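I have placed the structure first, in the form of structure tokens, so that the comments after it can refer back to it.
Just so you know, these numbers use all the heavy atoms, side chains as well, and skip hydrogens, waters and symmetry mates. This structure is a prediction, so every number in the text was calculated from the model and none was measured.
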Amino acid sequence: MCLAVPGKIISLDGDNGKVDFGSGVVREVNLAMLEVSVGEYVIVHAGFAIQKLDEKEAEETLKTMREFLDAAKRSVNEQSEQKGD
Amino acid sequence: MKFELRDKELAADILERIGSSGIKAQFMHVCGTHQDTLVRNGLDTMLAQTGIRIIQGPGCPVCVTTPKEIEETLKLAESGITITVFGDMLTVPGDKRSLADVKAGGGDVRVVYSITDALKMARQEPDKEFVFMGIGFETTTPSTSLALLSRPPENFSIISCHRTVPKALKALVNMGEVKIDGLIEPGHVSTIIGEEPYRFLSEEYKIPQVIAGFEPVDLLMGIYMLTRQLAEGRAELENEYSRVVKPEGNPKAREAMAKTLVETDVKWRGFPVIPETGLEISDKFDAHNARKKHEDLLAPIWDMEFPEPEGCKCGEILRGITEPQDCPLFGKACKPGSPVGPCMVSFEGGCAIAYKYQRK
Ligand code: SF4
């Protein structure tokens with residue numbers, strides 16, 4: 001039920017718009033919950049866009065995760081050094 | 001599809017770190033889609049080997065809908081009203097029958113993808129009376145609210161079975177039946193409500209929480225973040241899914257909800273009445289509240305009690321104390337084609353997910 005998928009807004013018409021989900025799937029989506037423009041990505045659930053997807057952040061998610069892990073590793077190492085083990 | 005995060009190496013790295021942290025813990029998630037990601041990718045088994053057990057909570061909206069609510073809808077369908085409903089509600093058994101059975105017997109029950117489709121049908125067929133069964137948590141509820149605000153036609157009403165998550169988690173924690181060392185909060189509910197409504201669970205109950213997305217690496221990352229909190233003795237709310245979940249959630253969606261719905265105390269399947277976790281249509285929209293509009297048909301049901309399906313352990317599964325495979329009916333008397341309880345119907349139901357992937 002809470003399944004929601006990202007898609008790109010390709011046209012706008014009042015509260016509604018067409019969203020491209022890739023692989024040739026385009027659907028009419030209600031966009032009234034958001035301030036959006038054509039070209040932006042949204043997360044769609046049951047015919048309604050519930051949130052914008054930060055394209056840049058999404059593209060960098062894996063990189064951010066790696067950085068987070070590296071930082072975590074450093075801090076763990078530092079902690080063990082401080083403990084002297 | 002764009003934005004799919006399938007990075008095996010990263011996933012393996014996170015798993016490794018979870019394992020080497022030495023933390024043994026039991027985390028609960030509250031989302032059928034999380035359960036699907038966990039089981040489909042075998043993460044539940046891999047995590048169990050590292051000492052992390054993930055259990056399901058009441059995260060399937062169809063499953064937590066009570067037998068009484070299903071009876072209400074069945075009654076309307078049997079009285080000649082056109083019922084519009086999301087697909088995974090169709091075969092959920094009520095007392096002796098499901099909406100699919102009523103449909104097979106000539107009832108007008110239609111599956112819709114969105115409440116927008118239901119509204120469209122009602123506008124196109126003004127001589128028919130339509131009721132939409134409004135199921136879902138905060139992810140879905142705003143669509144019901146926007147439909148109410150869109151001046152629906154006279155022949156359209158909604159039976160609201162919507163529920164909200166955070167206070168249900170509080171009830172679950174207070175019941176004290178299950179050990180919860182950390183909570184994985186549902187990403188798409190959070191897109192609407194934001195971070196704040198969960199925070200009290202960390203502050204008052206000292207439970208670490210992470211809002212997590214739905215890709216395997218999202219979930220693993222969320223779980224890793226929980227283990228870090230435990231290792232460092234912290235209990236905070238963190239957000240792994242920040243590419244979609246904003247701290248403030250979606251204010252416009254919440255505004256629509258506030259204009260159209262009021263909090264009520266409501267029973268959840270497997271739980272007693274949980275205060276302030278139901279959402280009923282507010283008085284201003286009585287004309288589109290099926291419980292008001294069709295009170296003559298529904299009122300007799302309100303005083304009746306409807307038992308859980310015999311032998312079904314959905315209630316315990318929703319409270320995180322039983323696994324689907326522990327139900328004696330699992331895969332025998334109860335299968336997706338012949339479900340005994342809702343957990344075998346909904347694609348978010350623990351039993352349906354367990355059944356689907358065990359056969360692969
Ligand atoms: S296997 Fe069927 S009967 Fe058993 S708990 Fe799941 S849905 Fe209920």
Rounded to the nearest 0.5 Å, what separates atom [atom1] in [X] from atom [atom2] in [Y]?
X	Y	atom1	atom2	value
B:T144	A:F48	OG1	CZ	8.0 Å
B:R228	A:L69	CZ	CG	9.5 Å
B:E255	A:M33	CD	CE	12.5 Å

message: Quick check against the 3.5 Å criterion: does B:T191 have a side-chain atom that pairs as donor or acceptor with the backbone of A:Q51?
response: no
- prompt: Any sub-3.5 Å donor-acceptor pair from B:N250's side-chain atoms to A:I50's backbone N or O?
  reply: yes
Can you tell which of [options] has the highest number of heavy-atom pairs within less than 4.5 Å of chain A?
options	result
B:T116, B:I115, B:L10, B:I14	B:L10
B:A253, B:S143, B:P142	B:S143
B:S150, B:S242, B:A256, B:G32	B:S242

query: Are B:K252 and A:E35 ion-paired here, with the side-chain N under 4.0 Å from a carboxylate O?
result: yes
task: Assess B:R243 against A:Y41: is NZ or CZ under 6.0 Å from the centre of the six-membered ring, and within 45 degrees of the ring's axis?
output: no
- request: Please flag which part of A:I43 lies under 4.5 Å from any non-hydrogen atom of chain B: side chain, backbone, both or neither.
  value: side chain
statement: The interface call for A:V25 against chain B, heavy-atom contacts under 4.5 Å, is neither
field: Part of B:D13 within contact of chain A (heavy atom distance under 4.5 Å)
entry: side chain
field: Least distance between heavy atoms, B:Y113 atom then A:G47 atom
entry: OH-N, 3.3 Å
task: Would you mind reporting whether B:D218 and A:M65 have side-chain heavy atoms less than 4.5 Å apart?
output: yes
- prompt: Between A:D54 and B:K246, is any pair of side-chain heavy atoms under 4.5 Å apart?
  reply: yes
- prompt: Going through the checks in order, is the side chain to side chain contact (heavy atoms under 4.5 Å, CB included) test met by B:E215 and A:T61?
  reply: CA-CA 11 Å; B:E215 300 284 351; A:T61 302; over 6 Å; no
